[in-house]
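Here is how names work: the chains are called A, B, and so on, in the same order as the sequence lines, proteins then strands, and each is numbered from 1.
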There are 2 protein chains.
Amino acid sequence: MERRRGAELEAVLLDAAWAELMESGYAQLTMEAVAARAQTGKQVLYRRWRNRAELVIASMRHHAGSIVENVPDTGSLRGDVLGVLQQMADRFTQLGPDTIHGLMAEAPDLDPEVYSRMTGVMAAIVKRAAERGEIATADVPVVVLTAPTNLMRHEIFFSHSPVPSSTITALVDDVFLPLVGFSRGT
Amino acid sequence: MERRRGAELEAVLLDAAWAELMESGYAQLTMEAVAARAQTGKQVLYRRWRNRAELVIASMRHHAGSIVENVPDTGSLRGDVLGVLQQMADRFTQLGPDTIHGLMAEAPDLDPEVYSRMTGVMAAIVKRAAERGEIATADVPVVVLTAPTNLMRHEIFFSHSPVPSSTITALVDDVFLPLVGFSRGT
DNA sequence: CTCCTTAGAGACGTGGCGTCTCTTACGCGT
DNA sequence: ACGCGTAAGAGACGCCACGTCTCTAAGGAG
């Protein structure tokens, strides 16, 4: 019997978890099923992750790398923000709301990271826009800086269907751009 | 043995559920415990609600009535919006994040109601402000109308501690009021 | 070649869900 | 006043998945 070990095995486990997640959703995902799919025992899972939530989070990271490390750079403030929001939408509609809610409920210590990371992304985008002269200053209140991504996240959490692109453009054109003193068109 | 019936019994059940919710939180709340506290059997619960989520939701409604039916009327737009957000904060910090997340995960059909209700509340507030002449028009994009309550809800969901009032005022002063063309102070 | 880690497999105890069953109280109609 | 039917009170039951424990054997390190 070929016996998998170390990183190789771990990859198989994470892939199995991801497959189960896509097929059954978070609520239906069981450790037994993941182990069975990976053709191994539960203990192999529990040796690496303390519970279902940790396994799933690890499998998400493994599958898609860490969230937005490729900050969009379209040359315009509007394009950049649209890009960020679109990325968020794509990523989370793939997961589906039940996975998101399930993880929130079972892994309360997950969010701070994802949460604060976006603030940095937005800050970078705004800084560039200020340097280009699109807006007067990069000195924007945090609450404004995080408004679009937070509203986007809110949309993702509450809408039980994919977020339409019209909502995304509305968030940018009717909320964010006015707040940073960017007059569109005119 | 005095045997409770109908509405009387139902009230006892809902109170028991609420007490368990406050004591143990949603994740730890069990049907057994609720039944025991109400000095009855589980069947009495299952005869009325299909599962834990429905019971808890009913108990929340029973305990605090339906959300914001008392739309604040402070005489100023700023005061009204602050009032609404403060009510949301109060209500939900009482519940705690784990209850909220748990319910979201298990009762996907709960939110639309709560969600859309706030839009109406905000619309009423803005309409009054326009009539008072505080702002030019009550014709505000939906995405702006819902921005403060949505951001508030986002804050509640992600912050694992009570929302500070500084955040609430920031939402109103740095996001909402500028968006509806209200120049503060000046 | 031996040793030690750990993969693979499955049994096990636990806990809560939701169902089923049974007895018994009590409101209602006649 | 009486009996019928509905539903309360109580608990047993099967089930499922969690997370733990135990055992055997593979295969890398020395």
[X]: partners by side-chain hydrogen bond (donor to acceptor under 3.5 Å, both in side chains), with sequence neighbours left out:
{"X": "B/Q94", "result": "none"}
{"X": "B/W49", "result": "none"}
{"X": "A/R37", "result": "A/E20, A/E23"}

## Note on the structure
With B for base contact, S for sugar-phosphate-only contact and - for none (protein heavy atoms under 4.0 Å), nucleotides 16-23 of chain C reads SBBBB---
Measure from [atom1] on [X] to [atom2] on [N] and round the result to the nearest Å.
{"X": "B/L9", "N": "C/dA25", "atom1": "CG", "atom2": "C1'", "value": "13 Å"}
{"X": "B/E10", "N": "D/dA7", "atom1": "CD", "atom2": "P", "value": "13 Å"}
{"X": "A/R4", "N": "D/dA25", "atom1": "CZ", "atom2": "C1'", "value": "15 Å"}
{"X": "B/E8", "N": "C/dA25", "atom1": "CD", "atom2": "C1'", "value": "14 Å"}

### Summary
ring pair (Phe, Tyr, Trp, His ring centres under 6.0 Å) pairs touching residues 122-142 of chain B, sequence neighbours excluded, are none
### Task
Establish, with yes or no, whether the OP1 or OP2 oxygen of D/dA8 is under 4.0 angstrom from a side-chain nitrogen or oxygen of B/T40.
no
#### Entry: Contact under 4.0 Å: A/R5 side-chain N or O vs C/dT5 OP1/OP2
no
Please tabulate, one pair per line, all N/O donor-acceptor pairs under 3.5 Å involving side-chain atoms of residues 161-170 of chain A, not counting sequence neighbours.
from: A/T169; atom 1: OG1; to: A/S165; atom 2: O; distance (Å): 3.3
from: A/T169; atom 1: OG1; to: A/S166; atom 2: O; distance (Å): 2.9

### Query
Hey, does the Lys NZ or Arg CZ of A/R52 hover above the aromatic six-ring of A/Y26, less than 6.0 Å from the centre and inside 45° of the axis?
yes
### Task
Apply salt bridge (Lys or Arg N to Asp or Glu O under 4.0 Å) to A/R50 and list each qualifying residue two or more places apart in sequence or on a separate chain.
A/E54
Under 3.5 Å, which donor-acceptor pairs do the side chains of residues 126-147 of chain A form with other protein atoms, sequence neighbours left out?
from: A/R128; atom 1: NH2; to: A/P72; atom 2: O; distance (Å): 2.7
from: A/R128; atom 1: NH2; to: A/D80; atom 2: OD2; distance (Å): 2.9
from: A/R132; atom 1: NE; to: A/G75; atom 2: O; distance (Å): 3.2
from: A/R132; atom 1: NE; to: A/E134; atom 2: OE1; distance (Å): 3.1
from: A/R132; atom 1: NH2; to: A/E134; atom 2: OE1; distance (Å): 2.7
from: A/E134; atom 1: OE1; to: A/L77; atom 2: N; distance (Å): 2.7
from: A/E134; atom 1: OE2; to: A/L77; atom 2: N; distance (Å): 3.4
from: A/T137; atom 1: OG1; to: A/D139; atom 2: N; distance (Å): 2.8
from: A/T146; atom 1: OG1; to: A/V142; atom 2: O; distance (Å): 2.9

### Message
Over the length of the helix from C/dC1-D/dG30 to C/dT30-D/dA1, how much do the five-pair end axes diverge, rounded to 10 degrees?
### Response
10°
